[in-house]
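Data first, discussion second: the structure below is written as structure tokens.
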Amino acid sequence: MKQFQSTTLPSPDSVQLRAGGRFFDRYQGNIRYLHHLHDHFGDFMRGAFAERRYSPGKLLERVWDGEYAGKWLDSATRTAASTQDKQLRRKVDAFAKELRDNQQPDGFMGQPLPNDRELNDWEIGWNVWNQWTSMIGLLTHYEIRGEKASLDTAARIGDWVVTSQSPIDHDTATFLTNGIGFTNVAVIGQLTRLHRLTGNDRYLKFVGDVITHFKPIRKMLTSGQPHLIHPYMLSAVLTGIVDYAVATEDDEMLSTVVAIWRSLVTDHVFPTGSLGNHEDLQEGPLEDLQDDQLQETCATTEWIFLTQRLYEVTGFPEFISALERTTYNALLGAQSSDGMKWCYWTPLRYSKHFFHGPTRCCFWSGPRGIARLPQLIYAMQDNLVTVNLFESSKATLHTASGPMSVTQRSQFPEHGQSTIEINTPPGWQGGLRVRIPDWCKDFFIQANHFDQTNQGEVTTNGYRSFDLEGGQSYTFNVSFEIAFHQELLSRNDYAMLRGPEVLSVDLRDNIDTWLGSQNEVISIPDHVTLQSSQSSDHDSPWSGMQEATPRTRYRINLNDKRMADLRPYFLTPYADAGNDGAAFRTIFPRQQS
């Protein structure tokens, strides 16, 4: 791509999280959860292909039961590679084989649609969707485990899609009109992935026909504005368009998707980094509604995948900043502290409801987001290694001149400190870039092998760079202030943040607090600072309450209309707020001067 500088993310088996960072405990919980899904729901996932679960008079949600197997296979394969978990790896390989065994001779996965009765529109509209998610899991299994049978099975699914759904030569083609929203066209991302892995141009031509003739895609590519629909499906389709633009070297198309992404960030993304209200995108200002259906976890994870892909093909640091915001807030906020429960929707106030929703899709989507966290920490461009996130980890990165290792010991996000150790083979020459987040102050790196007057060059795109040559071992001590700041939701309502983490008032820490929206009690004063942080294990003010896991608290003075003076409150990260069932609130009005 002529206008963009692509960036390579490390493979899942190249990076291992270490204790000490924000991600580690949640990732460990996700490992346990993936084992749990396999051991307790394995038959349920496989059974969706052995029989048609929906028929008239049965629960309509059964029509998309086929999506869970591919999602589990995708996240479990990635996790087994990163952790070298042999037990999980055995489960992954056996599950993939059992899934492959459900393919029909024509390539369709599972039991075909019945032909002896009238079909429900949803049966038809979700039929390709289940093929899409199967392809996701099978192609990940091939890419990471090298199992060609999984590639062959996915290719036969792709052949079924192209053969059964062609031709697409006008905007009323059956494939374009039979889907529920974008359920059919979401498949274009996996078809471009198949083209990349097989070289079969049939897949790419089919995707090109969809992009040419599907009216909502045409309108987006003409206007540079998003089609307001289910953000889960929208992100999946936009990712497919990105991959098609890369395959066809269409810089203009890619630039348009970047513009669409930026429009979504400006108008539809919450301060917590996700999007969607009642599984949709809507015109008008964002709203903080009590216990509302905001930030569906499927939408959160697919937004991560779109943003990650845009970072890979452009190298723009704005995408890493967005990934940081989404993962530290919306993604971790939807997951319980022990990693064993998930929210369908994650509101900004009052109550999180785990394992509650109209269907189960999010409880399989969330783990896919967690499984990708190790891959977001580092990136590579030839022999230039980039540190994007400050998370304790160890990585073996395969650069153009051979493998080199990076170890990071981070105290972030509690403290703005991280030590980065680089080890290279003899004669290796390259560079290191360390991201300077836009939320930090007083960023400084002390580096061995460099005199104190040469602490790297600050580039225009927010990185500090070092040339690495003449040595084999380097140590970089990174320090920075994690700044407190506020971000507008809409009108006069703001979120409070410390670095990338959105903070919330949690009733576990704040006695006699009213969180209601009527007759606002709490507001943000003109001048406010975080005054101190407290240990994460101090006693709860509520007698007998034992919290499941530790969390951090910060002291702050806010307006309380019941009092003449400012009142001290404790804030806790949104990702941890309400996780033991307590009420919480994240968005507050700012005091009118």
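Position 1 is the first residue of the sequence, and the numbers go up from there.
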State plainly whether the residues [X] and [Y] are in salt-bridge range, i.e. N to O under 4.0 Å.
X      : Y      : answer
Arg78  : Asp74  : yes
Lys148 : Asp152 : yes
Asp209 : Lys205 : yes
Glu61  : Arg360 : no
Asp43  : Arg46  : yes
Glu51  : Arg62  : no

Inset, instruction - In sequence, state the C-alpha distance, the side-chain angles, and the governing distance for Thr386 and Arg435, and then conclude on side chain to side chain contact (heavy atoms under 4.5 Å, CB included). - result: CA-CA 7 Å; Thr386 300; Arg435 174 172 161 258; 5.6 Å; no

Inset, instruction - Kindly write out the residues that satisfy side-chain contact (heavy atoms from CB on, under 4.5 Å) with Pro226, not counting sequence neighbours, or none if the list is empty. - result: Leu228, Leu234, Ile260, Ser263, Leu264

Any side-chain to backbone donor/acceptor pair from [X] onto [Y]? Under 3.5 Å, distance only.
X      : Y      : answer
Gln104 : Phe108 : no
Thr307 : Ile304 : no
Arg26  : Leu332 : yes
Tyr203 : Ala155 : yes
Asp280 : Gly276 : no
Asn329 : Ala575 : no
Arg325 : Ser321 : no
Thr327 : Leu331 : no
Ser75  : Trp72  : yes
Thr297 : Cys343 : yes

Inset, instruction - Just do the side chain to side chain donor-acceptor pair (under 3.5 Å) check on Asp201 and His195 with the steps written out, would you? - result: CA-CA 6 Å; Asp201 289 335; His195 171 263; 3.1 Å; yes

Legend entry - Option among Thr198, Asp243, Thr140 that satisfies the side chain to side chain donor-acceptor pair (under 3.5 Å) test with Arg193: Thr140

Just by distance, no angles: are the side chains of [X] and [Y] close enough, under 3.5 Å, to form a donor-acceptor pair?
X      : Y      : value
Tyr54  : Asp65  : no
Arg100 : Ser150 : yes
Arg202 : Thr163 : yes
Thr248 : Asp250 : no
Gln381 : Thr7   : yes
Ser393 : Gln16  : no

Inset, instruction - Start with the C-alpha gap between Val387 and Tyr463, add the side-chain angles, then the distance that decides, and say whether side chain to side chain contact (heavy atoms under 4.5 Å, CB included) holds. - result: CA-CA 9 Å; Val387 176; Tyr463 288 90; over 6 Å; no

Taking atom [atom1] of [X] and atom [atom2] of [Y], what is their separation to the nearest 0.5 Å?
X      : Y      : atom1 : atom2 : result
Ser235 : Ile229 : OG    : CD1   : 11.5 Å
Gln335 : Asn30  : CD    : CG    : 6.0 Å
Ser164 : Asp106 : OG    : CG    : 8.0 Å
Leu151 : Arg156 : CG    : CZ    : 9.5 Å
Asp93  : Thr77  : CG    : OG1   : 7.5 Å
His40  : Met45  : NE2   : CE    : 11.5 Å

Inset, instruction - Mind telling me whether Trp126 and Trp64 have parallel, tilted or perpendicular rings, with 30° and 60° as the class edges? - result: tilted

Legend entry - Residue pair Gln190 / Leu139, side-chain heavy-atom distance below 4.5 Å: yes

Inset, instruction - Carefully, step by step, assess Glu312 and Ser6 under the rule side chain to side chain donor-acceptor pair (under 3.5 Å). - result: CA-CA 6 Å; Glu312 289 178 290; Ser6 63; over 6 Å; no

Please find out if less than 6.0 Å separates the ring center of [X] from that of [Y].
X      : Y      : answer
Trp342 : Trp364 : no
Phe44  : Tyr68  : yes
Phe319 : Trp261 : yes

Inset, instruction - Could you walk me through whether Leu221 and Ile211 pass the side chain to side chain contact (heavy atoms under 4.5 Å, CB included) test, one step at a time? - result: CA-CA 9 Å; Leu221 293 178; Ile211 291 173; 3.7 Å; yes

Taking atom [atom1] of [X] as the centre, report whether more than 12 heavy atoms of other residues, nucleotides or ligands fall under 6.0 Å from it.
X      : atom1 : value
Glu252 : CD    : no
Asp101 : CG    : yes
Tyr142 : OH    : no

Inset, instruction - Check the pair Trp129 / Tyr232 against ring-ring contact (aromatic ring centres under 6.0 Å, His included), numbers first and verdict last. - result: CA-CA 12 Å; Trp129 179 270; Tyr232 174 19; 5.3 Å; yes

Legend entry - Residue pair Thr183, Trp132: steps toward the side chain to side chain donor-acceptor pair (under 3.5 Å) verdict: CA-CA 9 Å; Thr183 54; Trp132 169 58; over 6 Å; no

Legend entry - Residues His141, Val92; criterion side chain to side chain contact (heavy atoms under 4.5 Å, CB included); working and verdict: CA-CA 8 Å; His141 187 250; Val92 160; 3.5 Å; yes

Inset, instruction - Kindly write out the residues that satisfy ring-ring contact (aromatic ring centres under 6.0 Å, His included) with Phe182, not counting sequence neighbours, or none if the list is empty. - result: Phe214, His227

Inset, instruction - May I ask you to check if Arg22 and Tyr328 form a cation-pi contact, with NZ or CZ under 6.0 angstrom from the six-membered ring centre and within 45° of the axis? - result: no

Inset, instruction - Take Arg18 and Glu391, measure what salt bridge (Lys or Arg N to Asp or Glu O under 4.0 Å) needs, and give me the verdict at the end. - result: CA-CA 8 Å; Arg18 297 292 179 88; Glu391 285 289 334; over 6 Å; no

Inset, instruction - Please say which of Thr133, Thr153, Asn130 ends up in a side chain to side chain contact (heavy atoms under 4.5 Å, CB included) with Met109. - result: Thr153

Inset, instruction - Would you please test Lys394 and Ser405 for side chain to side chain donor-acceptor pair (under 3.5 Å) and show each step? - result: CA-CA 7 Å; Lys394 181 176 176 59; Ser405 68; 4.6 Å; no

